[in-house]
Every structure is written in structure tokens, then in C-alpha cells.
> 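Let me begin by handing over the structure; questions about it come next.
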Amino acid sequence: QVQLVESGGGLVQPGGSLRLSCAASGSIFSIYDMAWYRQAPGKQRELVARITRGGDTNYLDSVKGRFTISRDNAKNTVYLQMNSLKPEDTAVYYCNADVLGRTSWRSNNYWGQGSQVTVSS
């Protein structure tokens with residue numbers, strides 16, 4: 001079994017910064033794409049940023065230039081550095097990963113528990 005554990009959420013003023021982390025643990029052979037999603041109250045979950053194992057990235061248009069996704073393959077961890085935060089970034093942020101387990105022949109998709117990010121003065 002694989003677990004994704006997030007950390008780093010919280011309350012921040014507009015214009016501030018936060019860094020989210022998500023560490024994968026368990027019976028892991030390899031991790032393919034890792035990503036961050038978010039869901040605001042009354043809205044659908046949306047993809048914020050994705051990173052391949054090789055480091056290729058893509059971002060939601062509204063966060064380009066403000067958010068940076070990165071990963072440490074040796075630590076099975078993905079990060080989301082969020083700068084110049086706006087009230088509209090307020091949401092629960094979820095990490096997501098495609099993981100090939102040590103006893104699996106195909107990858108499975110896993111979710112973190114969610115981290116609340118609130119941007120407010």
C-alpha cells in the first residue's frame with residue numbers, strides 16, 4: 001500500500017507565500033507523474049500543476065509565474081511553492097501521484113489527505 005502525506009498549508013495574507021510538501025511512502029518501485037489539485041468551496045476540483053518524473057511541468061493558467069512545482073525523486077516527495085498568493089487561491093490542496101508498486105504490474109493513482117490554504121487579510 002502507498003500513502004501520500006501532505007504538509008505546509010495554513011493561513012497567509014494576500015501577497016504572501018506558502019510551500020506545500022507531499023511525501024509518498026510504502027511499497028514503491030517508481031513514481032511517474034506527480035501533481036497538485038485544489039478544490040474551493042462549491043467548485044470542482046482542478047489541476048493546479050503537474051510534473052513528470054523527468055521534470056517537465058505544466059500549470060493552470062491562473063497560477064503561472066506565481067506557483068512552482070518541483071520534486072525530489074530520491075525522497076519520493078513533491079513540492080508546491082506558492083508566491084504572490086491571492087484570495088482566489090483559497091482552497092483545499094491535494095497532491096496526486098501515479099505509483100508503480102513493488103508488487104504491481106501497473107501503476108495506481110493515489111491522493112493525499114488535503115491541506116487547507118486560506119489567503120485572507
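When a residue number appears, it is its place in the shown sequence, counting from 1.
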> Are there over 12 heavy-atom neighbours, none belonging to Q44, within less than 6.0 Å of that residue's CD?
no
> Looking only at side chains, do Y93 and R38 share a donor and an acceptor under 3.5 Å apart?
yes
> In terms of side-chain heavy atoms, does Q116 have a donor or acceptor partner in T118 at a distance below 3.5 Å?
yes
> So, S115 and E6: side-chain donor and acceptor under 3.5 Å apart, yes or no?
yes
> What heavy-atom pair brings C22 and L4 nearest, and what distance separates the two atoms?
SG-CB, 3.8 Å
> Once you round to the nearest 0.5 Å, how far does OG1 of T57 lie from CG of D33?
11.5 Å
> Using the rule that Ile, Leu, Val, Met, Phe, Trp and Tyr join whenever any side-chain heavy atoms are under 4.5 Å apart, tell me whether Y94 and Y59 fall into a single cluster.
no
> I28 and N76: side-chain contact (heavy atoms from CB on, under 4.5 Å), yes or no, with the steps?
CA-CA 9 Å; I28 299 170; N76 291 332; 3.9 Å; yes
> With no hydrogens and no angle check, do the side chains of S17 and N83 hold a donor and an acceptor under 3.5 Å apart?
yes
> Quick one: pull up CE in M34 and CD1 in I51 and give me the separation to the nearest 0.5 Å.
9.0 Å
> Would you compute the distance between atom CG of D56 and atom CD1 of I69 and round it to the nearest 0.5 angstrom?
12.0 Å
> Output yes when a side-chain donor or acceptor of T77 lies under 3.5 Å from a complementary backbone atom of K75, and no otherwise.
yes
> What's the separation between atom CG in N73 and atom OG in S30, rounded to the nearest 0.5 Å?
8.0 Å
> List the steps, then state whether side-chain contact (heavy atoms from CB on, under 4.5 Å) holds for L85 with L18.
CA-CA 8 Å; L85 281 160; L18 280 176; 4.2 Å; yes
> Linking I/L/V/M/F/W/Y whenever any side-chain heavy atoms sit under 4.5 Å apart, do I31 and Y37 land together?
no
> Is there side-chain contact between L11 and S120, with at least one heavy-atom pair below 4.5 Å?
yes
> Would R66 and D89 pass as an ion pair if we require N to O under 4.0 Å?
yes
> Compute the ring centroids of W36 and F67, then answer whether they are less than 6.0 Å apart.
no
> Just by distance, no angles: are the side chains of N96 and N109 close enough, under 3.5 Å, to form a donor-acceptor pair?
yes
> When rounded to the nearest 0.5 angstrom, what distance separates CZ in F29 from CZ in R102?
7.5 Å
> Report the C-alpha separation of Q3 and Q1 in whole Å, then their side-chain angles, then the decisive distance to 0.1 Å, and conclude whether the side-chain contact (heavy atoms from CB on, under 4.5 Å) test is met.
CA-CA 7 Å; Q3 299 82 37; Q1 188 64 302; 3.5 Å; yes
> Check A40 against A91 and note the closest heavy-atom contact, atom names and distance.
N-CB, 3.8 Å
> Determine, using the 4.5 Å side-chain heavy-atom cutoff (strictly less than), whether L47 and V92 are members of one ILVMFWY cluster.
yes
> Using side chain to side chain contact (heavy atoms under 4.5 Å, CB included) as the criterion, point out the one residue from V117, V48, V119 that pairs with M82.
V117
> Quick check with a 6.0 Å cut-off and a 45 degree axis cone: is R19 positioned over the face of Y79's six-membered ring?
yes
> Any sub-3.5 Å donor-acceptor pair from S104's side-chain atoms to S107's backbone N or O?
no
> Distance check, rounded to the nearest 0.5 Å: C95 atom SG versus L20 atom CG?
9.0 Å
